[in-house]
Amino acid sequence: MILWLRSRRGVPVVLVPFAAAWHRASLANISRWPVGLAGVGLVLLIVGLARPQKVEDKREVRSQGYDIMLCIDLSGSMLAEDYQKGGEPINRLQAIKPSSRRSSTTGR
């Protein structure tokens with residue numbers, strides 16, 4: 001093998017000075033493909049993470065009513081047992097729980 005390579009060194013080569021004019025440049029160099037594919041992949045990843053959704057049904061709903069907010073104090077003073085239920089003393093939080101459940105489950 002080495003002898004064959006040594007014998008190839010003496011092979012004459014013809015140099016043509018205008019041969020570069022015969023060469024057509026390709027539209028995209030092969031070395032640019034990985035960069036381009038990585039860019040396309042990054043764009044597709046960003047679009048996929050954005051989770052685009054198609055909303056077909058658009059309806060406008062109008063209703064009348066009042067918005068009610070129930071605020072309950074949760075400080076230590078609410079643990080004072082100054083109410084009675086069935087003859088037993090209960091604290092203020094235990095007294096308000098039944099009324100808050102009734103108001104939230106009855107609807108508007």
Side-chain angles (χ1 to χ4, degrees):
M1 179 77 154
I2 295 173
L3 293 175
W4 180 77
L5 286 175
R6 280 189 186 175
S7 66
R8 298 280 299 162
R9 283 188 189 174
V11 176
V13 176
V14 176
L15 295 176
V16 180
F18 53 89
W22 297 339
H23 176 69
R24 251 189 225 167
S26 63
L27 295 176
N29 195 357
I30 294 175
S31 65
R32 293 184 186 174
W33 279 100
V35 175
L37 290 176
V40 170
L42 182 63
V43 169
L44 290 175
L45 179 68
I46 291 171
V47 169
L49 289 175
R51 297 185 64 194
Q53 298 174 359
K54 184 178 179 182
V55 179
E56 295 179 11
D57 190 20
K58 294 182 181 180
R59 281 189 259 170
E60 187 175 323
V61 178
R62 294 183 183 183
S63 64
Q64 293 181 355
Y66 296 102
D67 292 329
I68 300 172
M69 183 183 295
L70 179 64
C71 299
I72 300 174
D73 181 18
L74 297 177
S75 65
S77 65
M78 293 296 283
L79 298 176
E81 295 182 347
D82 52 357
Y83 288 96
Q84 288 188 358
K85 183 176 182 181
E88 294 182 19
I90 58 172
N91 62 26
R92 296 174 183 174
L93 283 175
Q94 290 172 336
I96 195 139
K97 279 182 186 178
S99 63
S100 66
R101 285 190 187 129
R102 268 196 313 269
S103 65
S104 66
T105 58
T106 56
R108 291 192 256 167

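Index from 1, following the sequence. Atoms considered below: every heavy atom in the structure, side chains included; atoms not considered: hydrogens, waters and symmetry mates.
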Partners of Asp82 by salt bridge (Lys or Arg N to Asp or Glu O under 4.0 Å), sequence neighbours excluded?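 Asp82: salt bridge (Lys or Arg N to Asp or Glu O under 4.0 Å) contacts with Arg92.
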Non-hydrogen atoms of [X] and [Y] that approach each other most closely:
X     : Y     : answer
Val47 : Pro52 : O-CD, 3.2 Å
Lys85 : Pro98 : NZ-CG, 4.5 Å
Met78 : Asn91 : O-CB, 3.6 Å

Atom pair CG (Leu79) and CG (Leu74), whose distance is rounded to the nearest 0.5 Å: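 That separation rounds to 9.5 Å.
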Residue list, side chain to side chain donor-acceptor pair (under 3.5 Å) with Ser75, at least two apart or on another chain: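 With neighbours one apart ignored, the set is Asp73, Ser77.
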